[in-house]
Amino acid sequence: MFSKYDVIVVGAGHAGCEAAAAAANMGSKTLLVTMNMQTIGQMSCNPAMGGIAKGQIVREIDALGGYSGIISDKSAIQFRMLNRSKGPAMWSPRTQNDRMRFAEEWRLALEQTPNLDFWQEMVSGLIVEDNTVIGVRTQMGIEIFGKSVILTNGTFLNGIIHIGEKQFGGGRMGDKAATGITEQLVQLGFESGRMKTGTPPRIDGRSLDYSKMEEQAGEENPAKFSFSDQTSSLTRQLSCYITYTNQDVHDILKTGFEKSPMFTGRIQGIGPRYCPSIEDKVVRFAERERHQIFVEPEGWNTVEVYVNGFSTSLPEDVQYKAMIQIPGFEKAKMFRPGYAIEYDYFPPTQLKQTLETKLIKNLFFAGQINGTTGYEEAGAQGLMAGINAHLVINEKPEFVLSRSEAYIGVLIDDLINKGTEEPYRMFTSRAEYRILLRQDNADIRLTRKGYEIGLAGEERYQKVVQKQQSLKDIVKFFSTQTAPVDELNALLGSIDSSPINQKTKIDFILARPDISIAEMQKYVPSINEFLSKYSTEEIEAAEIHLKYSGYIQREHEQVEKMARLEGVKIRNDFDFSTVNSLSSEAKEKLKKIMPTSLGQASRISGISPADISVLLVHLGR
């Protein structure tokens, strides 16, 4: 019935979709196995993509040749660039999405992908021989053989849904849990744990009074995620709204605490620190009189509304009584209550940098199985697992991104070296080279790499080559040209900035913090004329380079220093226990992670600079 596949992907969430697309597009005969073909690419929680640091990840996925950016653009109902008031390293794109269209676009994209087959059924186990995975076994007892397997099980592994004192098995509301895989992996020697996440109630938008809320419209000139020409910016957008809880809401929520699975101990898993439930917020931030609630539409043609900020697992009657005390929600009708879900994960220190497991050859983990939270983090892992599954079975060099190359590199490096005991979420603060890892230059950083491994196409690559040339031309113009003093002084006078009294290079004026290229174009005709042939995206990227060149250069120098440690390789069979000068903790951590370079060793929790110095001496450096 089934021929042998190159890559078998288990699970069709964000990680599974990206993994299957990447492997298939690189030429592997790929099978995507899912429990329900109708929920491929499902947005299980909020209907949005991107946000702080997450938007950079979506752009990186797109730059490498993944699909998340394209799917997000095609299903977007609103676009915003967050953190515009801060420096460009913090700018983060975000879309509000049509939940149904997002899943539809993913399915359409996958069905049009050559080399990709589908099978609807639960995978109950792996087929392993000589510590190498050779296939999967389904609930019906069907054996499907493959050269590599990628597990992207999301919240489905022994998933339990909690609403107050009620609990039942499920990987998501309306979908059953997956069983068998955790137990087998533990038998094979893997360490597992439990985590939890939650989701808010869904509301009938027709029952809300938006006049009592603050409108949050999309950007006047919206951009998009994808660097490709396959998508275009929105010409119309839907608004979101903001409202707030109050003391009455908090008091009603407290009446349900004795039945809350979080507070009674029925939930053992650790929840996401940075996306707490409303009951958690009321306890942890007791001094606050109100908490922000984002009212987000679920799509163009549906009345369903997502209540962002009101995630809860309290009894449904308590949820409802508290909710109708929120301004604008007085007559709210609930489609379904919020709930918490508890599920199995596997500490990611058990993985190599490629996301292949250390214990079982050709077996990869991606997404929430690794302890992460968020569609974007999952998609990034799926993409990297799909790429490396294809490469390993074709005996080609592994594909790994460093911390200085991508947020994806930071994500994976953090996971495999530090592990995580709570759902991991990406932030700009986690990236030490964030001035280099901006959302505007993801294509310049990564598309060549995607092209070289056979994922990003020729058209994508040529577009980046052209963009790089445009940036050079714009930077050269601003660095070498002067403008009439009277024109520049008219510009400076308009913003109460100090005038000049002699001819000055334009980039010197642009370096002033309150000057922008857009303002310059209004006052200096020669600049406006020169820039007329360049896109807004190219001009913005050049402006960032011109304004922040000193900071960018400094980070490049830091990267070069770190590269020296990365260049000191450590043999796979190196015995750390023979290095007597290492602390006992260092030996234990190093033996567990088995770093491949001194740079990687330096980022392991518990490894001190003194330990690195000892290793340097021992390795003959």
Side-chain angles (χ1 to χ4, degrees), residues 11 13-19 41-58 60-61 68 72 92 94 97 151-162 171-173 192-200 262 267-278 280-281 284 294 296 306 308-313 338-349 351 355 365-385 407-408 410-416 418-431:
H14 299 259
C17 288
E18 286 288 3
Q42 177 88 335
M43 288 179 138
S44 303
C45 204
N46 63 319
M49 287 292 284
I52 308 299
K54 293 168 174 279
Q56 283 87 326
I57 290 177
V58 176
E60 289 176 353
I61 292 171
S68 286
S72 299
S92 302
R94 182 186 189 271
N97 293 84
L151 294 183
T152 69
N153 304 83
T155 59
F156 281 72
L157 293 178
N158 292 321
I160 296 176
I161 290 172
H162 297 266
R172 176 172 53 213
M173 190 66 83
S192 73
R194 295 285 277 178
M195 281 188 178
K196 83 127 200 149
T197 190
T199 193
M262 270 183 54
I267 291 181
Q268 300 295 321
I270 300 171
R273 178 194 302 257
Y274 305 104
C275 189
S277 65
I278 188 65
D280 201 13
K281 284 190 275 192
R284 278 168 53 187
F294 294 92
E296 301 176 345
Y306 181 87
N308 195 342
F310 205 84
S311 174
T312 180
S313 58
Y339 63 90
I341 182 164
E342 199 176 10
Y343 56 93
D344 292 335
Y345 85 105
F346 290 82
T349 51
L351 303 175
L355 299 181
F365 292 172
Q368 284 173 290
I369 191 173
N370 290 336
T372 59
T373 180
Y375 308 146
E376 304 81 3
E377 291 89 342
Q381 293 170 72
L383 178 76
M384 297 300 283
Y407 271 92
I408 295 174
V410 175
L411 167 67
I412 294 173
D413 191 71
D414 277 354
L415 291 174
I416 65 169
K418 299 173 183 174
T420 185
E421 294 179 351
E422 62 184 40
Y424 178 102
R425 178 180 180 176
M426 181 54 72
F427 290 101
T428 50
S429 58
R430 295 191 191 273

What's the verdict on side-chain contact (heavy atoms from CB on, under 4.5 Å) for Thr428 and Tyr407, showing C-alpha distance, side-chain angles and the deciding distance? CA-CA 8 Å; Thr428 50; Tyr407 271 92; 3.3 Å; yes

Show your reasoning for whether side-chain contact (heavy atoms from CB on, under 4.5 Å) applies to Ser68 and His14. CA-CA 8 Å; Ser68 286; His14 299 259; 5.5 Å; no

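Rounded to the nearest 0.5 Å, atoms CE (Met426) and CD1 (Ile57) are 5.0 Å apart. To the nearest 0.5 Å, the span separating CG on Leu415 from CG on Leu355 amounts to 8.0 Å. Residue Leu151 holds its CG atom at 5.0 Å from CD1 of Ile369, rounded to the nearest 0.5 Å. The CD atom of Glu18 lies 5.0 Å from the CD1 atom of Ile61; values are rounded to the nearest 0.5 Å. With rounding to the nearest 0.5 angstrom, the OG1 atom of Thr312 is 8.0 Å from the CD1 atom of Ile278.
Nearest heavy atoms, Ile341 versus Gly171: CD1-O, 3.1 Å. In this structure, Asn97 and Met43 approach most closely via the heavy-atom pair CB-CE, 3.9 Å. What you find for Ser44 and Arg172 is that their closest heavy atoms are OG-NH1, 2.9 Å. The nearest pair of heavy atoms linking Asp414 to Tyr424 is OD2-OH, 2.7 Å. Nearest approach of Glu421 to Tyr345, heavy atoms of both residues: CA-OH, 4.0 Å.
Put simply, the side chain of Thr420 does not reach to within 4.5 Å of the side chain of Thr372, judged on heavy atoms. Looking at Thr155 and Thr197, their side chains come closer than 4.5 Å, going by heavy atoms from C-beta outward. Put simply, the side chain of Thr199 reaches to within 4.5 Å of the side chain of Tyr306, judged on heavy atoms. At least one side-chain heavy atom of Ile160 sits under 4.5 Å from a side-chain heavy atom of Arg194.
Note: Phe365 and Phe346 have tilted aromatic rings, judged against thresholds of 30 and 60 degrees for the angle between ring planes.
Side-chain atoms of Asn370 and Gln381 form a donor-acceptor pair, as typed in the model, at a separation below 3.5 Å.
Judged purely by atom type and a 3.5 angstrom limit, Tyr375 uses its side chain to pair as donor or acceptor with the backbone of Cys45. The backbone N or O of Arg425 sits nowhere less than 3.5 Å from a side-chain atom of Thr373 that would complete a donor-acceptor pair. Of the possible donor and acceptor atoms, one in the side chain of Glu60 sits under 3.5 Å from a partner among the backbone N and O of Ile408.
Judged as a side-chain hydrogen bond (donor to acceptor under 3.5 Å, both in side chains), and not counting sequence neighbours, the contacts of Asp280 are Arg284.
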Per-pair distances, 0.1 Å, donor-acceptor, side chain in residues 48-55, under 3.5 Å, sequence neighbours excluded:
unit_1	atom_1	unit_2	atom_2	d
Lys54	NZ	Glu376	OE1	3.3
Lys54	NZ	Glu377	OE1	2.9
Lys54	NZ	Glu377	OE2	3.0

